[in-house]
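Below is one structure; the comments refer to it alone.
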Amino acid sequence: VWGDAVIDRLRGMFAFALWDPTLQRLLLARDRLGKKPLYWARIGDALVFGSELKALVTWPGLDCKLDFAAIHQYLTYQYIPAPRTIFQSVNKLSAAHKLIAQREINGWRIGPAERYWRLPLPSSRAASAFDAQEKQHELVELLKESVKLRMISDVPLGAFLSGGVDSSAVVAMMAQLSGDPVKTFSVGSRHAEYDETKYARMVAQRYGTDHHELILEPNAADILPKLIWHYSEPFSDASMIPTYYVSEMARQHVTVALNGDGGDEAFIGYPRYDSMRKLAELDHVPPPLAALAAAGLRSLPRGVQEGRYGARLTSLAQRLTERTRKSSQRYAFSIVSFSDEQKSAAYGPAMTPFLQSSALDLLNRYFDEAPDFVSGANWADTHVYLPDDLMVKVDTASMAVSLESRSPLLDHRLMEWAFSLPESVKAPDGVAKGLFKKAMEPHLPHELLYRPKMGFGCPIDHWLRADLKEMAYDVLLSDRAAERGIVNRDYVAQMLQEHSLGTNAHHTRLFALLNMELWFRMWADQSTEAALKRPSSGQIQQAAAYA
């Protein structure tokens, strides 16, 4: 009845295919924020699609030739942004896109993929044009409505409660809307810098939730191959590990769990945005003075340069003189795994052709569309990092244990409202997520709201010096890894040594390389039939064998 316009009537997460047998026409569509995945490929006379890459590799005749341009992107971002996948022949449908395929006598006429929905461009209006109290009230009402819609369920329902502002706000709204105690789930760590359970308990106690808590002590060498199987292509956001464990714990009690994803994108919440704000302020320094200051910083005594604040001083010297670089390059230090400079030293012969281009160029269009540097970083994160990292991480980890995860803060109407506000309203006086925090003051403890942001991470840096150290050395320095020609073995050996000794922290890069090599061994070095076997406790070591 509605045709393609059915998409406009949907609210929430979806990825679907609609076949019109009369018109011989297929419509593929993915939800606005990319909460659900959709892969597709043309294989001979067939058009195949599915919600997992694993579903497509079962199709006879699929060309599994690797896409080294995707690897180039992966080593920058720790994930492969849509529409690429690890295989040249397979595509991911991007968030908020639809694809029409028409069956004709001579085969399929496909695409191109079309964007059917857009967020409003970041506003450049002055903060004085908005009433702060009115916006706080609107925010609470929009969030409450979004939570209420996502609490509709015929099965047991709960919430992830990390102890951060976003998940705590969702739980607060759930508690006010529910007649029964909300079931909440948290994971912590024995490493204090990764543990937020204290704050999760504050919210659980305030709202009398049925709270469940797990201290993360995984066997990292066992869990990694299992996760690599589920993610199907190289992916190395380390928070996939606690996300999997909290999902596994939640699934023992509920079938649906609400989460706090999207708050940092909607309300300028990442600490790196403050760094971008300060970096933008350096642009006001006259060029001659900036060059003089940078030269002074570079000429500091070696003892100072190698001291406690040496890295920061070196970074400041670089920022003072790089204003002519593309915005994506200036943003890089806060988001990349391997920088372009590090790739020049690290890449082996299979990757050296890609040194002529930067994977960061993918972000340039978003910076160009935004009114300022901070909004550009936020706009880029919303269109790339959010759908291609965060949504992949949560959906894959939760679906691995048959848990449905819902994201109230990513309701498209709430997101549209948030992006209609300028950065100066959402982060007044540079306070990250200031509008959101002010709106939540009646609902959450002040101590929780205004503490430094921690993020949902795990101690990969510690594990690579302990639990994962042997595996990392054996896998990354093996002949098999070296023969791929992706990364220089001597470069990797130096990173491993420096990280083990604590002289430099390389855990993000080492984790990306380790996950990629384990992926190769599971998905590229053995037959499709062997790779598709879901790893059990007895098969995991075989799948990850690094002897």
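For the single chain, residues carry numbers from 1 onward in sequence order. The model shown is predicted, which means the values in this text are computed figures rather than measured ones.
Applying the salt bridge (Lys or Arg N to Asp or Glu O under 4.0 Å) definition to pairs two or more places apart or across chains, those involving residues 51-71 are E52-K54, D67-R84. Residue pairs meeting the salt bridge (Lys or Arg N to Asp or Glu O under 4.0 Å) criterion with at least one partner in residues 483-492, sequence neighbours excluded, are D479-R489, R484-E517, R484-D525.
For H72 (side chain) and F354 (main-chain N/O), a donor-acceptor pair under 3.5 Å exists by modelled atom type. Looking only at distances, a side-chain donor or acceptor of D195 sits under 3.5 Å from a matching main-chain atom of S189. A donor-acceptor pair under 3.5 Å links the side-chain atoms of E233 to the main chain of I86, judged by distance alone.
Residues that satisfy the ring-ring contact (aromatic ring centres under 6.0 Å, His included) test with Y199, not counting sequence neighbours, are absent from this structure. Here Y39 pairs with nothing under the ring-ring contact (aromatic ring centres under 6.0 Å, His included) rule; sequence neighbours left out. In this structure, the ring-ring contact (aromatic ring centres under 6.0 Å, His included) partners of F235, at least two apart in sequence or on a different chain, are Y231. Residues passing the side-chain contact (heavy atoms from CB on, under 4.5 Å) test with S405 are F160, N259, V394, S398, sequence neighbours excluded.
For the pair D395 and K35, the salt-bridge criterion is not met [side-chain N within less than 4.0 Å of a carboxylate O].
Between the side chains of S337 and T508, no donor N or O sits under 3.5 Å from an acceptor N or O. Checked by atom type, the side-chain pair Y331/D381 shows a donor-acceptor distance below 3.5 Å.
The aromatic rings of F367 and F373 sit tilted, their planes meeting at an angle between 30° and 60°.
Figure legend: R272 and Y385 shown as a cation-pi pair, the cationic atom lying under 6.0 angstrom from the six-membered ring centre and within 45 degrees of its axis.
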